[in-house]
Amino acid sequence: MSDKSEVLEDVKNLLEYAKTLGMTEVAAAEAQSMEVSKDTSSDHKIVNTGEAAGANSLQDINDTIGDCKRCKLCDGRNKIVFGVGDPNADIMFIGEGPGRDEDKQGEPFVGRAGKLLTKIINAMGFERKDVYIANIVKCRPPNNRNPEPDEVETCIPFLIKQAELIKPKVIVCLGSVATQNLLNTESKISALRGNFQKWQGIPVMPTYHPAFLLRNSNMKKPVWEDMQKVMKKLSA
Ligand code: URA
């Protein structure tokens with residue numbers, strides 16, 4: 001694709017996403033003058049990546065995971081959802097755990113919420129293959145309940161090793177489960193979203209989960225503002 005058609009494609013994606021937010025006008029100047037909020041450090045537990053510690057590639061981590069039976073989520077799962085995208089991505093999106101569609105296909109964020117996440121990614125000027133997408137846990141919790149502490153404790157070392165190898169410039173945590181478990185905080189997502197936190201020196205932007213946006217479309221605008229801060233951070 002030529003530079004010009006890439007730009008036009010990006011603008012089209014951005015306008016399509018803006019339309020889903022109910023916007024009828026685009027205020028370009030506002031986006032440019034938006035302040036990036038000051039980074040705030042957040043405590044995070046140093047998790048021992050255990051079995052994955054020696055992994056030199058994402059494939060090594062996947063091989064270590066194998067046909068995992070380390071926690072009770074293996075009982076109901078169909079496919080392990082490892083993560084997808086560019087192993088050298090600048091942005092890593094972290095969700096909570098696979099849902100029904102993800103469990104069937106073995107790929108994160110492919111259901112309704114995933115389609116909205118893809119729109120957001122496109123509106124930021126990226127394709128899914130340009131970013132990396134993963135979850136706190138790699139197997140579907142029954143009835144889409146939140147993952148339990150023992151499940152997170154078992155699975156999160158693999159995600160952490162993925163993030164350590166990818167070394168993204170920014171991590172976006174989608175929703176409270178991703179945010180609270182990555183940052184080891186009990187603070188509410190409503191309090192944290194929109195402000196950069198830090199994890200292992202990497203800026204982390206907590207924002208609302210796309211599934212929440214499907215039920216609360218008035219929250220799409222704040223999420224878009226969060227993503228604009230992410231884009232500004234990437235271009236800094
Ligand atoms: N919700 C998530 O948190 N992750 C997925 O992969 C799909 C839905």
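When a residue number appears, it is its place in the shown sequence, counting from 1. In each ligand, atom 1 is the first atom listed, and ligand 1 is the first ligand listed. These numbers were taken from a predicted model, which means no experiment stands behind them.
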Top protein contact for atom 4 (N) of ligand 1, by heavy-atom distance: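 Heavy-atom neighbour on the protein nearest atom 4 (N) of ligand 1: Asn135 OD1, 2.8 Å.
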[X] side chain to [Y] main-chain N or O, any donor-acceptor pair under 3.5 Å?
X: Glu96; Y: Asn135; answer: no
X: Gln162; Y: Phe82; answer: yes
X: Asn62; Y: Gly66; answer: no

Less than 3.5 Å between some nitrogen or oxygen of [X] and one of ligand 1, yes or no?
X: Gly97; result: yes
X: Glu102; result: no
X: Pro108; result: no

Pro142 side chain near Leu73 side chain, heavy-atom distance below 4.5 Å: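 Pro142 reaches Leu73 side chain to side chain.
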Test salt bridge (Lys or Arg N to Asp or Glu O under 4.0 Å) applied to Asp67 and Lys79, Arg77, Lys138, the passing residue: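 Among Lys79, Arg77, Lys138, the one that satisfies the salt bridge (Lys or Arg N to Asp or Glu O under 4.0 Å) with Asp67 is Arg77.
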Proximity flag His209 to ligand 1, non-hydrogen atoms under 4.0 Å: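 Yes; His209 lies near enough to ligand 1 that a heavy-atom distance drops under 4.0 Å.
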Gly95: numbered ligand 1 atoms lying under 4.0 Å from its heavy atoms: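 What qualifies from ligand 1 is 3 (O).
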